[in-house]
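Below: the structure, in structure tokens.
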Amino acid sequence: MAKIIKTQVTIVGAGPAGLLLGQLLSKAGIDNIIIERQSQEYVLARIRAGVLEQGTVNLLDEAEVSQRLHQEGLIHHGFDIAFNQHHLHLNFKKLTQGKHVTVYGQTEVTKDLTQARLDAQLPIFYSADDVQVNDLLSPIPKVNFVHEGQSYQIHSDFIAGCDGYHGICRASIPPSSIKEFERIYPFGWLGILSDTPPVQEELIYGNHPDGFYLCSMRSSKRSRYYLQCSLDDDVKNWSDERFWDSLQSRLPSTLANGLVRGPSIEKSIAPLRSFVAEPLQYGKLFLAGDAGHIVPPTGAKGLNLAASDVFYLSTALKAFYLDHDGALVDNYSNTALKRIWKAERFSWWLTNMLHHFPDKSSFDQRIQQAEFEYLFSSEQAQKALAENYVGLPY
Ligand code: RFL
Ligand code: PHB
């Protein structure tokens, strides 16, 4: 027999979207339960994003989980963009009237949110098996799962599908009620983490004839680097030495000599994809974060979009429960999608500009070169890039 539990909002997924939503709802007195398929250790070990927009930081402030972020996060007022041997410094301060981004790992954001939930003793089921969402069109949708051998059924007013791209929430919407838009890129990113000082204080995004590279970091002592690789590549093909040699050969010569090598402490390959599902709601189920959309990581938008979805969804649920106004809930998908598509456009554009496309024609190559020449020579073009990178308004 399944144990029945009642709450107001059931959240599927304990990634940044689910945890942040849970925290903001709890702060507003709205009961919620989180169900996560993986163990807590697994969730906390994932290495992903690194760049936070100010809107994301503001939400983490509101959720009261930002103390460590303000102590340890690095404020960045710009980055470098390189094309072969040429590089341009984009100064956000000048181009966006004083805005900046914060470099603080998604792993740390997830740790801070998890700790806050555990400290407040709010309900969260890790290692949940056979998670299913049912009765989505009824007034009381259900979430079924098995935890430590016991079957559970949660009855709530709403289900928030925060279970990422491979989750079950989007997959539970009948195909006739959802439309999917997708672009798959013909390459991946090979990333390494190493306890070495970053090659410079700010990020470098570069396009080299051998492919894209990105120099990022987690602190003044820990670097995060990425190289474009082929989709069928394997981390086993990449010794640390091969990685450092390839990165060094792609960097402009003025920076290459400053690269500090060291053993990698993580190495992984991620495919690149653009994806949007419309609408982001079906009956009482609402999708937020990677469950509803994916961007290639080039624009650093994935986690930030998850945060803006959570902003719209938590605001709508607060209006529903606290002001008895359901209009924002009904409009959640339309509102969130407007910002999502702009971030999709930006991430797609930056990906096209910075990567080597294996099937690129000579015409495409000249267009890519013209993109750089325009960007390097036009302050208006630099302003557009910087405005999108620091984050469009909510
Ligand atoms: P997540 O983080 O995937 O979390 C979803 C959670 O749901 C769980 N789950 C389930 N739980 C219960 N039942 C089921 N059936 C379930 N199925 C799945 C999963 O175990 C997981 O815990 O999605 P969320 O919360 O929407 O967060 C999205 C972000 O993680 C993602 O967009 C970013 O990491 C993307 N991203 C970046 N975003 C940025 O904003 N800035 C960056 O600098 C940035 N860099 C990156 C990135 C993603 C990368 N990879 C690995 C694709 C760099 C890389 C390399
Ligand atoms: C990262 O530090 O992991 C990172 C930074 C910027 C991106 C993507 C990833 O665009």
Side-chain angles (χ1 to χ4, degrees), residues 10-22 34-40 42-53 55-56 74 76 79 101-107 109-110 113-114 124-133 143-147 159-172 188-193 198 202-205 212 214-219 222-226 266 268-273 275 287-310 343 346-347 350-351 354 389 391:
T10 311
I11 299 171
V12 185
L19 288 166
L20 180 58
L21 180 64
I34 301 184
I35 313 299
E36 165 62 48
R37 182 174 59 179
Q38 305 287 357
S39 67
Q40 187 180 316
Y42 182 95
V43 171
L44 293 179
R46 280 192 299 231
I47 313 269
R48 285 186 173 174
V51 177
L52 307 182
E53 297 172 356
T56 304
L74 307 170
H76 280 204
F79 67 67
V101 294
T102 304
V103 173
Y104 187 68
Q106 178 172 332
T107 315
V109 171
T110 311
L113 283 162
T114 306
I124 180 160
F125 289 87
Y126 282 103
S127 306
D129 287 325
D130 202 13
V131 182
Q132 290 174 23
V133 295
V143 177
N144 289 80
F145 63 100
V146 176
H147 184 250
I159 299 173
C162 302
D163 53 347
Y165 180 70
H166 299 288
I168 46 100
C169 287
R170 190 183 69 253
S172 304
W189 278 19
L190 166 68
I192 71 160
L193 197 62
E202 290 181 338
L203 273 67
I204 310 163
Y205 289 85
F212 168 81
L214 167 60
C215 305
S216 181
M217 67 213 60
R218 291 292 175 268
S219 70
R222 180 168 283 189
S223 302
R224 178 76 168 152
Y225 294 113
Y226 297 97
E266 196 263 355
S268 54
I269 291 182
L272 268 68
R273 179 192 304 272
F275 172 86
L287 303 177
D290 280 11
H293 43 80
I294 295 284
V295 283
T298 326
K301 290 287 164 243
L303 170 61
N304 292 302
L305 271 186
S308 58
D309 287 359
V310 165
F346 174 65
S347 306
L350 203 57
T351 301
L354 286 167
Y389 193 81

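Whatever order the structure lists them in is the order used to number ligands and atoms, beginning at 1. What you see is a predicted model; the values in this text were computed from it and never measured.
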Within the side chain of [X], is there an N or O that forms a donor-acceptor pair under 3.5 Å with the backbone of [Y]?
X      : Y      : value
Asn304 : Val51  : yes
Thr107 : Arg46  : yes
Glu36  : Ala14  : yes
Arg170 : Gly292 : no
Asp309 : Gly289 : yes
His147 : Ser127 : no
Lys301 : Tyr389 : yes
Asp163 : Val12  : no

For [X], atoms of ligand 2 separated by under 4.0 Å from a heavy atom:
X      : answer
Thr298 : 10 (O)
Val51  : 5 (C), 6 (C)
Arg224 : 3 (O)
Arg48  : 3 (O)
Leu203 : 5 (C), 6 (C)

Give yes if a backbone or side-chain nitrogen or oxygen of [X] is under 3.5 Å from a nitrogen or oxygen of ligand 1, and no if not.
X      : value
Ala17  : yes
Pro16  : yes
Ala300 : yes
Pro297 : no
Gly50  : yes

Structural part of Phe79 in contact with ligand 2, heavy atom criterion under 4.0 angstrom: neither
- request: Heavy-atom distances under 4.0 Å are what count here, so tell me which part of Val103 touches ligand 2: side chain, backbone, both or neither.
  value: neither
Does [X] come within less than 4.0 Å of ligand 1, judged by its heavy atoms?
X      : answer
Ala128 : no
Cys162 : yes
Arg46  : yes

Closer than 4.0 Å to some heavy atom of [X] - which atoms of ligand 1 meet that?
X      : value
Ile35  : 11 (N), 12 (C)
Val131 : 13 (N)
Val51  : 41 (N), 43 (O)
Gln38  : 20 (O)
Ala49  : 34 (O), 36 (N), 37 (C), 38 (N), 39 (C), 41 (N), 42 (C), 43 (O), 44 (C), 45 (N), 47 (C)
Tyr226 : 53 (C), 55 (C)
Lys301 : 39 (C), 40 (O)
Gly289 : 26 (O)

Quick test: of every protein heavy atom, which one is nearest to [atom], and how far off is it to 0.1 Å?
atom                    : answer
atom 4 (C) of ligand 2  : Tyr226 CE1, 3.9 Å
atom 6 (C) of ligand 2  : Tyr205 OH, 3.2 Å
atom 7 (O) of ligand 1  : Asp163 CA, 3.2 Å
atom 14 (C) of ligand 1 : Arg37 CB, 3.8 Å
atom 4 (O) of ligand 1  : Gly15 CA, 3.5 Å
atom 2 (O) of ligand 2  : Ser216 OG, 2.6 Å
atom 35 (C) of ligand 1 : Gly302 CA, 3.8 Å
atom 40 (O) of ligand 1 : Leu303 N, 2.6 Å
atom 31 (C) of ligand 1 : Asp290 OD2, 3.3 Å
atom 15 (N) of ligand 1 : Ile168 CG1, 3.3 Å
atom 51 (C) of ligand 1 : Arg48 CG, 3.9 Å

query: So is Lys301 in contact with ligand 2, going by heavy-atom distances below 4.0 Å?
result: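 Heavy atoms of Lys301 never come under 4.0 Å of ligand 2.
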message: Can you tell me if Ile47 contacts ligand 2 (heavy atom of the residue under 4.0 Å from the ligand)?
response: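 Outside the 4.0 Å threshold, so no.
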What distance do [X] atom [atom1] and [Y] atom [atom2] have between them, rounded to the nearest 0.5 Å?
X      : Y      : atom1 : atom2 : result
Thr351 : Arg273 : OG1   : CZ    : 13.5 Å
Cys162 : Ile35  : SG    : CD1   : 12.0 Å
His76  : Met217 : NE2   : CE    : 4.5 Å
Ile47  : Ile192 : CD1   : CD1   : 12.0 Å
Leu303 : Arg48  : CG    : CZ    : 9.5 Å
Phe212 : Leu272 : CZ    : CG    : 8.5 Å

Minimal non-hydrogen separation, Leu52 against Thr56, with atom names: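 Looks like CD2-CG2, 4.2 Å.
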- prompt: What is the minimum heavy-atom distance between Gln132 and Ile168, and which atoms define it?
  reply: CA-CD1, 4.3 Å
- prompt: Which residue from Ala270, Gly13, Ala14 reaches closest to atom 52 (C) of ligand 1 through any of its heavy atoms?
  reply: Ala270
query: Heavy atoms only: which of Arg224, Gln106, Glu36, His166 is nearest to atom 34 (O) of ligand 1?
result: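 The option holding the nearest heavy atom is Gln106.
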message: Using the rule side-chain contact (heavy atoms from CB on, under 4.5 Å), only one of Ile34, Val143, Val133 pairs with Thr10; which is it?
response: Val143
- prompt: For ligand 2, is there an N or O atom under 3.5 Å from any N or O atom of Arg218?
  reply: yes
Ligand 2 N/O within reach of Pro297 N/O, cut-off under 3.5 Å: yes
field: Side chain proximity check, Leu214 to Leu203, heavy atoms < 4.5 angstrom
entry: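 Heavy-atom side-chain distance check passes, below 4.5 Å.
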- prompt: Given that the side chain starts at C-beta and the backbone is N, CA, C, O, which of these parts of Asn304 lies under 4.0 Å from ligand 1, counting heavy atoms, or is it both or neither?
  reply: both
- request: Over 60° means perpendicular and under 30° means parallel, so classify the ring planes of Tyr226 and Trp189, tilted if in between.
  value: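 Aromatic pair Trp189/Tyr226 classed tilted.
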